[in-house]
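In the text below, chain A, chain B and the rest are named by the order of the sequence lines, each starting its count at 1. What you see is a predicted model; the values in this text were computed from it and never measured.
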Amino acid sequence: MRLAHPEFAPDASLSREEMEELQHEVADAAIFEDAFEFDPESVRAEPTDDAQTHLPTGEDENEGEDDDSDVAVPTESPESPVVVGVDQAFVGDLAVSAVVASRDGEVVERAHAAVETEIPYIPGLLSFREGTAILRAFEELTVEPDLAIVDGSGRIHFREAGIATHIGVMLDLPAIGVAKNLLCGDLRDPPEGHMAEGERVPVVSNSRVSAPDGTVIGYALQSRQYPNPDKRHVNPLYVSSGHRVSAETAAELVWQLCAGYKLPEPTRRADAYADEVTETVDT
DNA sequence: GCGACAG
DNA sequence: ATCTTGTCGC
């Protein structure tokens, strides 16, 4: 696919101030509300094993319905959305970005790109280190994605423009940020003990975030938990809107994309593919 | 000056 | 992110 907004390119040669200014522009262009076409409930982590099972078996299974006479029953539901997982791996100064696209929980295409790293990791400026590699991987993709799950934060960012937001805005693609650690913000109602599987706690902005204090910028999502969290527990994921998805919907979609593991399937697939590519295209 | 800090 | 064995608990 191609870039919708090249003017927001994460140029690593910019000064720190220019990078931060660009992030403010990206945040202004971002939409932290639901603005997508697909049906969020149709998004799933794994293929439904009966996909082919309900094909015509001669007679139909109409239960006492009178008659729809001659018209062919339009069992045709809208095309399921294409969800892509994005993740990176590094080999020395080489950043390998992997993008894996799935539809109905099945992988339909994989793409990758390796780009030389120009700057070190700087909290808050991640997109300027990994962004170019990610965009190049997306350029290699031929299918049209409907949603991107990006490793890292989206709105949970000092200037509300984490890597998921930057990528989403540049491609004008609905995007969600999934991070394993909290970059900034506070949990609104800190649970006493550990969170139960499926539980969500709002992440709100504080003085370190450009958004007005108390704004819900994401959710801590307990995507997986052990039976007895007192002995051994799993840390939650920090989900935030990247672009064209609200914080609530982002958390729900990520939850639906989980299949028994802490990380959502799109991310796990991209992670595995990134490693796969790394072992081949390195040295 | 000190603290905080995705991947 | 990456360097790495065993080990504890499900």
Side-chain angles (χ1 to χ4, degrees), chain A residues 10 12 16 19-20 23 26-27 85-99 112 114-135 137 148-168 175-187 194 196-197 203 205-210 217-243 247 250 254 260-264 267-268 270-279 282-283:
Chain A
R16 178 159 188 148
M19 289 180 176
E20 299 186 346
Q23 292 185 318
V26 167
V86 187
D87 191 37
Q88 287 71 242
F90 298 82
V91 182
D93 287 342
L94 203 59
V96 175
S97 181
V99 173
H112 68 86
V115 175
E116 205 66 36
T117 280
E118 297 179 53
I119 61 175
Y121 162 67
I122 301 173
L125 299 178
L126 188 62
S127 59
F128 291 90
R129 173 178 165 76
E130 313 182 347
T132 301
I134 294 175
L135 293 171
I149 303 300
V150 183
D151 60 306
S153 292
R155 196 182 187 185
I156 295 180
H157 179 275
F158 309 116
R159 292 165 290 283
E160 301 176 85
I163 194 164
T165 299
H166 207 136
I167 295 301
I176 295 173
V178 175
K180 303 179 202 65
N181 292 289
L182 192 58
L183 173 62
C184 58
D186 301 310
L187 292 189
H194 290 298
E197 194 164 291
V203 173
S205 58
N206 53 30
S207 62
R208 298 167 60 199
V209 181
S210 60
I217 53 178
Y219 281 91
L221 168 67
Q222 196 68 51
S223 55
R224 182 185 180 184
Q225 189 55 283
Y226 294 130
N228 192 335
D230 298 315
K231 293 189 172 187
R232 189 186 184 74
H233 68 278
V234 178
N235 289 142
L237 290 179
Y238 297 95
V239 181
S240 57
S241 27
H243 184 47
V254 170
Y261 296 91
K262 173 176 178 173
L263 296 175
T267 300
R268 284 164 43 76
D271 184 76
Y273 183 45
D275 286 340
E276 195 178 307
V277 173
T278 282
E279 295 171 17
D282 75 51
T283 75

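Across all strands, I156(A) comes closer than 4.0 Å to no nucleic acid atom at all (heavy-atom distances). At the heavy-atom level, A89(A) lies under 4.0 Å from the strands shown only through sugar-phosphate atoms. Y121(A) comes within contact range of at least one nucleobase, with a heavy-atom separation under 4.0 Å. As judged by a 4.0 angstrom heavy-atom cut-off over every strand, L237(A) is placed among residues making no nucleic acid contact.
Rounded to an integer number of Å, the gap from CZ of R208(A) to C1' of dC5(B) is 6 Å. Taking atom CD1 of I119(A) as the reference point, atom C1' of dA1(C) lies 14 Å away to the nearest angstrom. Taking atom CD1 of I149(A) as the reference point, atom P of dG7(B) lies 15 Å away to the nearest angstrom. Across the protein-nucleic acid pair, I217(A) atom CD1 and dC5(B) atom C1' stand 14 Å apart, rounded to whole Å. One atom, CG of D186(A), and another, C1' of dG3(B), lie 14 Å apart when rounded to the nearest Å. As rounded to whole Å, 13 Å separates atom C1' of dT2(C) from atom CG of D87(A). In this entry the distance linking CZ of R159(A) with C1' of dC5(B) reads 11 Å, nearest Å. When rounded to the nearest whole Å, the span between CG of L183(A) and C1' of dA6(B) equals 5 Å.
Residues E160(A) and S205(A) are not in side-chain contact: their nearest non-hydrogen atoms beyond the backbone lie 4.5 Å or more apart. Residues Q222(A) and V234(A) are in side-chain contact: their nearest non-hydrogen atoms beyond the backbone lie under 4.5 Å apart. Contact of the K180(A) side chain with the N235(A) side chain is not registered, since no non-hydrogen atoms from C-beta on lie closer than 4.5 Å.
Aromatic ring pairs are classed by plane angle as parallel below 30°, tilted from 30° to 60° and perpendicular above 60°; the pair H112(A) and Y273(A) is perpendicular.
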- Message: Pair L187(A), V203(A) - check side-chain contact (heavy atoms from CB on, under 4.5 Å), show working.
- Response: CA-CA 5 Å; L187(A) 292 189; V203(A) 173; 3.8 Å; yes

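Listed nucleotides dG7(B), dC10(C), dA6(B) differ in distance to P227(A); the shortest reach to its side chain belongs to dC10(C). Candidate nucleotides dG7(B), dC10(C), dA6(B) were compared by shortest atom distance to the side chain of D151(A), and dG7(B) ranks first. Considering only side-chain atoms of F158(A), the nucleotide from dC10(C), dA6(B), dC5(B) that sits closest is dC5(B). Taking only side-chain atoms of R232(A), from C-beta outward, the nucleotide of dC8(C), dA6(B), dC5(B) with the closest atom is dC8(C).
Mapping K180(A) and N228(A) onto DNA chain C via the closest heavy atom, the residue that lands nearer the 5' end is K180(A).
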